[in-house]
Chemist: 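Take a look at this one; I'll ask things after.
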Amino acid sequence: MAAGQGPRRERAANGTAPSARPAVFVDLDRTLLRGASGPVLGRALREVGLLEGPGLPGEGLLYAAYDLLGESLATIGLVRLAALRTRGWPEAEVLRAGELAAPTLAGMVQPYAPAALAAHRAAGRQLVLATTSPEQLVRPLARLLDFDDVVATRYQVAEGRLTGGLDGELVWGLGKWRAVAAWARARGVDLRTCWAYSDAVFDAPLLGAVGNPRVVHPDPRLRLLARAVGWPEEPWDRPPGVLKLGPFELADLLRPVLRPEAFPYARFVLEGLERVPGEGPVLLAANHRSYFDVVALALVVARLGRPARFLAKQELFDAPLVGPLARALGGIPVDRRGDPAAALEPARRALEAGEIVVVTPQGTIPRGRAFYDPVLRGKTGCARLAAATGAPVVPVGLFGTEAVWPRSARLPRVTQVLDPPLVQVRVGRPLRLAAEARRDPEAATARLMAAISRLLPPEARQGREPTPEEVALATPPGRASA
């Protein structure tokens with residue numbers, strides 16, 4: 001079989017094309033889950049008393065290598081040895097271990113996998129967990145995650161106890177393809193209409209057999225094969241376009257240097273960061289005074305140590321150099337000329353993945369005299385995201401960034417190192433806006449903007465007539481002051 005072509009397509013027994021609903025075959029370890037399921041299953045087996053003492057020699061190192069580099073012949077050898085150890089185990093206890101492990105394994109699901117699977121469900125496709133792991137141990141997880149069926153290795157059972165052998169062949173490599181093909185043939189499913197997701201080069205036969213192969217967090221060999229034959233890569237651990245080097249996103253690698261000391265031309269005061277929830281979806285909503293706001297908010301996100309995405313106008317992502325870098329760091333472009341709901345969809349997915357999304361509800365920096373208006377006015381996008389996801393909205397007040405990079409300047413004032421201006425960043429208490437935003441997004445937005453305003457110093461909340469010089473500082477280069 002040539003690489004990438006896959007085995008011969010299956011047809012129904014009567015020679016006609018199958019007509020059942022298409023299926024989506026999803027690998028388990030390092031595809032649906034962030035790592036290997038083996039350690040979790042092992043703990044569950046110990047908890048029910050089927051395993052005692054330490055695992056097999058070198059087991060921990062093999063799992064660590066698996067999480068980093070993917071499947072190998074050594075890890076498959078470990079699976080075969082594990083089957084031999086099951087001889088004499090009551091199947092009922094094995095099933096109980098699977099039930100115990102299921103919630104922990106569900107917590108290991110890749111953050112962007114649920115949205116991808118939900119889209120397949122909405123399209124009417126069947127979801128099938130296709131894994132080398134033992135069916136008796138993973139079927140409870142499949143039920144918990146609302147899969148329609150499981151294609152997996154099955155331990156042989158006689159008189160209610162495991163024999164130490166397999167019921168059929170190991171569902172791995174060509175064996176997985178054969179098991180999936182048999183499943184499809186028995187149900188009248190045409191593999192040409194199906195999807196398959198995997199991280200492992202050993203699943204190339206299955207990927208080549210379906211009409212819609214997808215590689216997820218591919219091992220090095222699968223990545224090369226996928227690029228050679230044109231199989232799309234679909235990350236489930238991060239949004240499309242975000243650069244990842246090994247286990248680290250580019251933003252993770254930059255976090256150690258994102259410190260106030262890296263910007264000696266500004267002094268920073270960061271307050272209230274402990275108010276940002278440590279887990280779950282969060283909308284971080286700030287006012288907008290300067291292009292330097294990006295730096296101030298990046299310092300906040302770096303301190304939080306959590307994956308974060310930020311909304312920015314499409315024009316930023318269209319710019320050479322800056323645009324690709326913004327995408328690689330987790331930026332979400334918003335095309336203000338298109339469908340508003342579609343523009344916010346990537347942000348909604350990030351929130352559903354449990355991440356932080358940074359927004360500036362004003363949309364753009366107020367210009368000219370409007371910059372000095374004490375009343376902050378925002379667009380309803382943030383409120384609509386809160387309504388759609390239930391995420392708390394954490395207000396952030398920024399002040400002083402305009403002294404580092406005024407709107408009239410094309411670059412920040414990096415020469416102010418002897419007398420750097422003060423940049424104040426104050427984080428407020430989380431707001432629960434979802435219910436109000438569903439009823440009245442404008443009112444919810446006004447409430448949010450008022451909360452941001454209360455975090456600003458008094459001079460930002462007092463109306464006054466700006467001088468011509470101040471108006472000029474708040475006006476973009478080449479634009480007339482207004």
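All values below were derived from every heavy atom in this structure, side-chain atoms included, with hydrogens, water molecules and symmetry-related copies excluded. These numbers come from a predicted model, not from an experiment.
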Chemist: Closer than 4.0 angstrom, basic N to acidic O: yes or no for R43 and E47?
Modeler: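 The answer is no: the pair does not qualify as a salt bridge.
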Chemist: In this structure, are over 12 heavy atoms from other groups packed under 6.0 Å from R259 atom CZ?
Modeler: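 Counting other residues, nucleotides and ligands, CZ of R259 stays at 12 neighbours or fewer.
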Chemist: Distance alone, cut at 3.5 Å: any donor-acceptor contact between the side chains of D293 and H288?
Modeler: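 Checked: D293/H288 side chains pair up, N/O donor to acceptor below 3.5 Å.
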Chemist: May I ask you to decide if Y155's main-chain N or O and Q136's side chain share a donor-acceptor pair within less than 3.5 Å?
Modeler: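 Side chain of Q136 to backbone of Y155: a pair is present.
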Chemist: The test is ring pair (Phe, Tyr, Trp, His ring centres under 6.0 Å); show your working for W195 and H120 and say whether it passes.
Modeler: CA-CA 9 Å; W195 275 253; H120 284 298; 5.2 Å; yes
Chemist: Charged N to carboxylate O below 4.0 Å: is that the case for R161 and E159?
Modeler: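 Looking at R161 and E159, the cut-off is not met.
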Chemist: Under a 4.0 Å threshold between the charged nitrogen and the carboxylate oxygen, would E99 count as salt-bridged to R143?
Modeler: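 Salt bridge present between R143 and E99.
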Chemist: Only pairs under 3.5 Å count here: list side-chain donor-acceptor contacts from residues 237-246, not counting sequence neighbours, and write none if there are none.
Modeler:
| from | atom 1 | to | atom 2 | distance (Å) |
| --- | --- | --- | --- | --- |
| D237 | OD2 | K244 | NZ | 2.4 |
| R238 | NE | V242 | O | 2.9 |

Chemist: Whether R306 and E249 form a salt bridge (side-chain N of Lys/Arg under 4.0 Å from carboxylate O of Asp/Glu) is what I want to check.
Modeler: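 Salt bridge between E249 and R306, a charged N being under 4.0 Å from a carboxylate O: no.
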Chemist: Look at the side chain of T193 and the backbone N and O of D190, then say whether any donor-acceptor pair between them is shorter than 3.5 Å.
Modeler: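 Flag set: sc T193 to bb D190 pair under 3.5 Å.
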Chemist: Among L385, L283, V393, T445, find the residue that satisfies the side chain to side chain contact (heavy atoms under 4.5 Å, CB included) test when tested with L433.
Modeler: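 Looking at L385, L283, V393, T445, the match for L433 under the side chain to side chain contact (heavy atoms under 4.5 Å, CB included) is V393.
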Chemist: Can a salt bridge be assigned to the pair E233 and R223 using a cut-off of 4.0 Å between side-chain N and carboxylate O?
Modeler: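 Looking at E233 and R223, the cut-off is met.
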Chemist: Give a yes or no on whether the backbone of V128 and the side-chain of D149 come within a donor-acceptor separation of less than 3.5 Å.
Modeler: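 Side chain of D149 to backbone of V128: no pair is present.
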Chemist: Taking only Lys NZ, Arg NE, NH1 and NH2, and the carboxylate oxygens of Asp or Glu, determine whether E436 and R439 approach each other closer than 4.0 Å.
Modeler: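 Here E436 does not pair with R439 in a salt bridge, since their nearest N and O are not under 4.0 Å apart.
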